[in-house]
Amino acid sequence: MDGTLDNRFTLDEQISPPPSAPDIAGPAPDPMELDAILRAHAAAGSAAYCWNVIDDTISWSGNAGEVLQCDVSVITTGRKFADFLDSSNVTSRYDTVMGASHRETRVDGIPFEIEYRFRPKGRQNQQSLWVEDCGRWYGTAETGPALVYGTLRVIENRHIHDQEMNFLASSDDLTGMMNRARMLKALDEAIAHARGEKTSCAFVLLAVNNLDVMNDTYGYEVADEVIAAIAERLRKVMRIGDAIARYSRAKFGIILNGCRPDELAPALERFMRAIRDNVIETSLGPIWALISIGAVNLPATADTAPTAAACAEEALSEALQLPGDGYSLYESSEQKTAERLLNARCATEIVSCLRGDRFKLAFQPVCEAKDGKPFFHEALLRMQDSTGELVTAGHLVPVAEKLGLIRLIDRAVVQLALSTLARHPLATLSINLSATTVRDPRWNAQILDALASAPELSSRLFVEVTETAALADCPGTRAFLKDLQNAGCRIAIDDFGAGLTSYRNLKELPVSVIKLDGSLCRKLSEAGGNGVYVRSMVELAHALGMKVVGEWVESQEEAEALAEIGVDFLQGNLVGEPSIIEPWEKSEGEESLQFEVAPETETEIAAETETEPRPEAAAVTDAELDHQLQELKALLQNLHSSFGRNDEAAEEPGDYAIAS
């Protein structure tokens with residue numbers, strides 16, 4: 001029912017007299033039963049009514065006035081009841097019942113349930129209540145509704161709660177701004193509007209660079225004060241019609257409607273000044289917030305919200321590389337498109353290799369500097385491409401680290417190495433673990449479980465970690481390395497000298513071997529070369545009881561210079577190139593192994609051994625890949641949206657999509 005009831009409802013013209021009420025609604029209830037029902041409604045805080053549609057009269061239960069907070073004697077007809085409904089209601093009982101399809105009738109009535117705002121003192125008074133109206137109407141296909149039985153219940157508290165829940169679902173409780181999900185919908189609408197009106201807009205991501213420092217220094221409560229203050233400052237400098245959202249804990253998203261490309265930079269400067277020109281006063285004193293901004297012009301650069309967000313994230317990443325706070329505008333380029341395509345294909349190749357068990361190991365000897373005898377072999381990852389050729393997998397590592405797939409690769413390498421050690425009792429191997437795996441306690445446990453399953457092999461395994469990962473002041477990393485040592489493994493630090501070496505951390509780690517970064521093993525004899533630096537590191541390592549390996553040894557001159565300085569072992573193409581042929585196959589009866597200076601190239605080896613069976617190793621299961629695959633699929637979809645905007649030049653998604 002609403003204010004148009006009188007114009008829409010004329011009994012003589014629209015409804016012929018219906019059958020008697022009992023024939024429509026069933027036999028009348030027993031008076032005692034009816035009294036019990038009414039008492040139950042009163043106890044539940046609901047009022048019952050019967051609306052006779054034919055003569056437009058409403059009969060109320062005795063508690064109706066108390067429930068509706070009004071004099072029910074003034075709402076005894078549908079027309080009068082309509083005068084007490086809020087004019088902003090989308091629907092009412094009349095709309096629901098009379099607007100329903102009457103082609104199908106049921107003996108037990110047609111149910112309905114609606115909510116609307118009721119004004120107890122009439123429409124002119126501001127007092128209002130949200131009520132729930134539910135019941136059943138009875139009638140025939142010919143006559144339509146004739147009787148309506150229902151109940152009214154005030155749901156003001158529930159309605160407020162529902163509004164709060166809707167707010168929380170679409171808004172940020174700290175700043176009151178839109179949240180990320182709602183912002184992406186608004187961004188899609190802004191892009192569509194700009195496209196339809198042949199105008200432009202922009203999307204901006206603003207990040208608080210030092211929020212983590214605030215959390216650590218002052219606590220999360222003060223950091224929240226800073227976020228709230230930044231939100232308020234941004235609101236004050238935004239134009240009417242623009243929109244702002246809390247994109248993540250440390251980021252804000254801003255939609256600039258009707259923003260031309262030449263207007264974007266001045267807008268970003270306005271946001272920068274609003275934050276950096278004055279300190280933010282907090283309960284623990286003034287704090288200076290540092291911000292970076294990434295922005296993208298739309299819809300020329302991106303035509304969907306996810307693509308626009310990805311472009312803004314990329315621009316923000318560039319802004320974060322600036323020496324201070326600043327902003328960066330996204331610019332598409334063929335080089336970036338090619339890089340995205342390459343990354344997507346590399347990611348697909350990684351998953352394909354894990355699924356198809358196509359990763360293999362190549363072995364490069366690490367030899368004694370004095371006589372060239374082998375000390376151990378480093379196991380290097382190789383992959384078998386679609387043609388069956390073995391290629392190095394180094395180009396996959398950056399993509400694998402970005403996606404988190406490097407953990408699965410590391411575990412596959414551990415499994416392959418243990419399988420090799422089990423087949424060859426004279427073999428000693430070293431394997432590389434990424435910093436991502438080393439710092440992840442969940443994956444630490446998986447590596448340790450794999451080693452625990454073959455304790456007799458661990459004593460012949462070196463685990464190499466980079467200097468950056470090993471020497472970082474991280475108690476979790478040190479604990480993991482000690483766990484590896486307790487499992488029987490020996491620890492080697494790879495690329496030593498390339499980062500910031502810490503003597504304090506180095507002496508606390510269970511390290512047996514350090515491998516000098518290959519760039520340091522050059523120009524050892526030249527004045528001003530690396531000789532003095534390498535000599536000091538060798539002396540330090542020996543003082544701590546560690547052995548030293550010189551990497552990237554390519555010439556006899558380098559080998560002799562390293563040996564003279566005191567380096568214990570050499571690794572490089574001079575003493576042996578990586579080979580997928582397992583060197584112990586022809587020498588398992590010998591106590592020591594001699595290495596050829598110029599073994600066959602990997603391409604020739606791959607051609608000769610293409611049909612040889614692959615060493616057995618436990619394959620990664622589909623279930624274990626599922627979570628990583630979902631992340632990868634999402635990334636690939638974003639990548640496709642980004643580099644697939646030129647329809648004629650873009651490749652089909654199927655060329656790099658992953659099959660579930």
Side-chain angles (χ1 to χ4, degrees), residues 172 175-178 180 182-211 226-248 250-280 287-333 336 642 645:
D172 173 60
T175 62
M177 296 175 171
M178 294 185 293
R180 180 172 179 166
R182 184 178 168 195
M183 181 213 66
L184 290 176
K185 292 181 181 179
L187 183 55
D188 263 330
E189 293 172 359
I191 294 173
H193 181 268
R195 188 188 302 110
E197 297 295 324
K198 300 188 183 305
T199 58
S200 59
C201 59
F203 180 58
V204 177
L205 275 183
L206 184 150
V208 184
N209 301 345
N210 56 337
L211 188 66
V226 173
I227 289 294
I230 291 175
E232 186 61 28
R233 290 188 182 185
L234 291 175
R235 281 193 181 100
K236 289 181 179 179
V237 297
M238 288 177 57
R239 304 174 306 169
I240 297 176
D242 292 341
I244 187 169
R246 181 88 177 276
Y247 188 79
S248 66
K251 296 178 184 176
F252 295 90
I254 303 174
I255 301 173
L256 301 178
N257 291 298
C259 179
R260 299 193 308 269
D262 61 308
E263 296 175 327
L264 181 54
L268 301 184
E269 287 285 2
R270 186 169 72 251
F271 297 145
M272 296 289 295
R273 290 195 301 270
I275 307 305
R276 69 185 177 189
D277 284 358
N278 295 288
V279 296
I280 296 174
I287 294 178
W288 206 295
L290 303 176
I291 63 171
S292 295
I293 299 177
V296 56
N297 286 300
L298 304 170
T301 306
D303 55 6
T304 66
T307 306
C311 294
E313 288 276 15
E314 185 173 323
L316 179 59
S317 296
E318 294 179 359
L320 290 170
Q321 303 304 315
L322 298 175
D325 55 353
Y327 65 84
S328 176
L329 302 180
Y330 177 84
E331 295 181 2
S332 60
S333 68
K336 289 181 179 179
S642 181
R645 287 188 296 274

* To do: With sequence neighbours excluded, tell me which residues meet side chain to side chain contact (heavy atoms under 4.5 Å, CB included) with E263.
  => C259, R260
* Interatomic distance, M272 atom CE to L206 atom CG [nearest 0.5 angstrom] -> 7.5 Å
* Hey, what do you get for CD1 (I227) to CE (M177), rounding to the nearest 0.5 Å? -> 9.5 Å
* **Point-to-point distance, once rounded to the nearest 0.5 Å, from CD1 of I254 to CG of L205** => 9.0 Å
* Asked: Is any side-chain heavy atom of N257 closer than 4.5 Å to a side-chain heavy atom of H193?
  -> no
* Structure fact -> L256 and R239 have their tightest heavy-atom pair at C-NH2, 3.9 Å
* Minimum heavy-atom separation for F203 to A309, with atom names? -> CE2-CA, 4.0 Å
* Member of I191, L187, L298 meeting the side-chain contact (heavy atoms from CB on, under 4.5 Å) criterion with I255 -> L187
* Asked: Taking the side chain as C-beta and beyond, is there a heavy-atom pair between V296 and L329 under 4.5 Å?
  -> no
* Does the distance from a Lys or Arg side-chain N to an Asp or Glu carboxylate O, for E269 and R276, drop under 4.0 Å? -> yes
* Write down the atom of L268, the atom of A295, and the distance for their closest heavy-atom approach. => CD1-CB, 3.8 Å
* **Smallest separation among heavy atoms of I244 and M238, with atom names** => CB-SD, 3.5 Å
* Asked: Minimum heavy-atom separation for A305 to L184, with atom names?
  -> CB-O, 3.3 Å
* **Separation of D188 CG from T304 OG1 (nearest 0.5 Å)** => 6.5 Å
* To do: Side-chain contact test, heavy atoms from C-beta onward, threshold under 4.5 Å: evaluate it for T301 versus T307 and give yes or no.
  => no
* To do: Given side-chain contact (heavy atoms from CB on, under 4.5 Å), test F271 with I293 step by step and report yes or no.
  => CA-CA 9 Å; F271 297 145; I293 299 177; 4.0 Å; yes
* **Minimum-distance pair of heavy atoms, taken over all atoms of N278 and R233** => O-NH1, 2.9 Å
* Find the distance between CZ (R195) and SG (C201) and round it off to the nearest 0.5 Å. => 9.5 Å
Ignoring hydrogens and angles, write down the donor-acceptor pairs under 3.5 Å from the side chains of residues 315-326, residues two or more places apart or on other chains.
residue : atom : partner : partner atom : Å
S317    : OG   : E313    : O            : 3.0
E318    : OE1  : S328    : OG           : 3.1
E318    : OE2  : K336    : NZ           : 3.1

* Asked: Is there a donor-acceptor pair closer than 3.5 Å between any side-chain N or O of N210 and the backbone N or O of L290?
  -> yes
* **Gap separating the CE atom of M183 from the CE atom of M178, nearest 0.5 angstrom** => 7.0 Å
